Amino acid sequence: LAGDSDGWRDWLARHGAALLLFARQWSAKRADAEDAVQCGFIRFWKTRSRANDELAYLYSCVRTAAIDQGRRERRRHAREINANHNDSPPFIVEIERSERQALIEAALKVLPADQREVVVMKIWGGLTFAQIAETLGISLNTAASRYRYALARLQSELSEEVAHD
Amino acid sequence: MTDPIKELEAELSSMQPSPFPATLAARVETELLTSESRLSPWPDRFLLSAICSGALAACMIIVVLVGGAMGSNPSAGPTEQVNAKERSSGSVAASLAFAPNDPVWMELLK
């Protein structure tokens with residue numbers, strides 16, 4: 001492990017924040033998302049030799065762990081299903097843009113889960129459509145179209161909000 | 001005129017996810033180290049369990065063989081049993097070999 005210690009640190013430094021954001025889609029609490037990232041990352045690190053694309057495999061491991069964690073949590077807290085009640089913000093809040101940022105976060109939560117995860121992987125994870133397709137087990141075209149639909153929907157939600165104001 | 005979707009993409013990209021907590025990195029490190037130390041004695045454990053299983057299997061085979069031999073004829077030893085079997089199988093073979101030359105047997109065949 002000594003030889004690999006820098007390796008896993010690099011992976012976490014580069015992808016940790018985005019992975020946490022990714023895992024929060026299935027977790028009501030930040031602590032649960034952290035548990036999912038820990039579990040998924042450990043699994044990835046021990047079995048990464050079998051991966052075709054390591055980044056896609058990392059997201060796949062964290063996704064599986066987060067979904068499992070979410071299921072366990074839902075069973076435990078049957079009345080606390082709403083993932084919108086997060087206990088800390090998923091993004092760094094910039095004061096001058098906080099209002100707009102809050103609108104975007106709200107619009108992101110309105111997206112269907114399959115579109116939202118594609119947006120998170122593409123924008124904050126930096127994955128290519130091919131990697132997203134491999135992570136989710138879907139075709140490249142499906143990944144790209146989900147992304148396009150998601151952005152169009154976000155645009156529409158934000159326009160409506162601006163119109164309401 | 002700029003594409004609103006491109007603008008939105010740029011806006012989303014400018015939002016920074018919350019930083020990865022140091023405590024979580026420490027937890028990952030601890031778990032990796034723990035699992036590593038847990039895994040290291042496996043070859044020794046495997047060898048030990050293989051030796052124990054082999055010895056146990058050998059004992060069971062001996063017990064089954066000795067027990068089976070004793071159980072079939074408690075008064076006779078294993079050597080006597082083998083000799084008895086050889087004698088009986090030998091006499092049967094001999095009687096079959098001479099049967100065609102036996103007049104009584106030939107009469108029966110007619």
Side-chain angles (χ1 to χ4, degrees), chain A residues 1-2 4-5 7-9 11-22 24 30-31 33-35 37-46 86 88-94 97 100-101 103-105 107-108 119-120 122-126 147-148 150-159, chain B residues 1-69 71:
Chain A
L1 181 70
D4 286 344
S5 63
W8 71 260
R9 279 181 206 284
W11 274 93
L12 273 189
R14 268 185 283 142
H15 304 289
L19 285 172
L20 201 50
L21 182 66
F22 184 59
R24 289 189 75 162
R30 184 185 167 95
E34 289 184 2
D35 288 347
V37 169
Q38 180 181 349
C39 183
F41 187 83
I42 297 286
R43 185 174 164 224
F44 157 74
W45 194 250
K46 287 180 182 171
N86 292 318
S88 67
F91 293 98
I92 296 171
V93 180
E94 295 176 30
R97 295 169 55 195
R100 173 72 176 169
Q101 206 166 303
L103 285 177
I104 293 174
E105 281 182 39
L108 277 170
V119 170
V120 172
K122 183 83 176 90
I123 299 276
W124 293 286
Y147 180 71
R148 278 198 305 275
L151 286 191
R153 176 85 185 267
L154 274 178
Q155 184 67 35
S156 157
E157 290 287 335
L158 291 169
S159 305
Chain B
M1 188 179 164
T2 53
D3 181 359
I5 295 293
K6 290 279 178 200
E7 274 183 18
L8 179 61
E9 263 187 316
E11 196 172 12
L12 290 172
S13 301
S14 70
M15 290 168 63
Q16 294 294 311
S18 299
F20 193 75
T23 50
L24 183 51
R27 276 164 50 189
V28 169
E29 181 172 23
T30 305
E31 192 167 339
L32 282 173
L33 288 169
T34 310
S35 61
E36 182 70 11
S37 63
R38 233 186 283 135
L39 284 175
S40 57
W42 268 110
D44 295 342
R45 287 182 190 177
F46 180 75
L47 185 64
L48 194 64
S49 64
I51 291 169
C52 288
S53 304
L56 190 65
C59 288
M60 285 179 72
I61 289 167
I62 290 168
V63 166
V64 167
L65 286 176
V66 171

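Being a predicted model, the structure only gives us computed values, none of them experimental.
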Peer 1: So which atom in B:Ser18 and which in A:Arg30 form the shortest heavy-atom distance, rounded to 0.1 Å?
Peer 2: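 B:Ser18 and A:Arg30 have their closest heavy atoms at CB-NH1, 3.8 Å.
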Peer 1: Side chain from CB out, backbone as N, CA, C, O: work out which of these in A:Tyr147 comes under 4.5 Å of a heavy atom of chain B, or both, or neither.
Peer 2: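 For A:Tyr147, side-chain heavy atoms alone lie under 4.5 Å from chain B.
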Peer 1: For A:Gln155 and B:Pro4, which heavy atoms make the closest approach, and how far apart are they?
Peer 2: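 A:Gln155 and B:Pro4 have their closest heavy atoms at OE1-O, 3.4 Å.
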Peer 1: Out of curiosity, B:Arg27 CZ to A:Glu34 CD, how far, rounded to the nearest 0.5 Å?
Peer 2: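 B:Arg27 CZ to A:Glu34 CD: 5.5 Å, rounded to 0.5 Å.
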Peer 1: As an exercise, state the distance from CD1 of A:Ile123 to CG of B:Leu8, rounded to the nearest 0.5 Å.
Peer 2: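 Those atoms lie 7.5 Å apart.
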Peer 1: Where on B:Glu9 is there a heavy atom nearer than 4.5 Å to chain A: the side chain, the backbone, both, or neither?
Peer 2: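 For B:Glu9, backbone and side chain are both near chain A.
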Peer 1: Under 3.5 Å, is there a donor-acceptor pair between the side chain of A:Trp8 and the main chain of B:Glu29?
Peer 2: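 A pair under 3.5 Å: no.
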Peer 1: Looking only at heavy atoms, what is the nearest atom pair of A:Leu20 and B:Leu24, with distance?
Peer 2: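 Taking A:Leu20 first and B:Leu24 second, the nearest heavy atoms are CD1-CD2, 4.3 Å.
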Peer 1: Any side-chain heavy atom of A:Trp124 sitting closer than 4.5 Å to one from B:Met15?
Peer 2: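 Contact flag for A:Trp124/B:Met15 side chains = yes.
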Peer 1: Side chain, backbone, both or neither: which part of A:Leu154 has a non-hydrogen atom closer than 4.5 Å to chain B?
Peer 2: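 Contact with chain B: backbone and side chain both.
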Peer 1: Looking at side-chain heavy atoms only, is the closest gap between B:Phe20 and A:Val37 below 4.5 Å?
Peer 2: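 Side chain of B:Phe20 against side chain of A:Val37, heavy atoms only: contact under 4.5 Å found.
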Peer 1: Closest approach of B:Pro17 and A:Ala17, non-hydrogen atoms and distance?
Peer 2: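 Scanning both residues completely, I find the closest heavy atoms to be CB-O, 3.9 Å.
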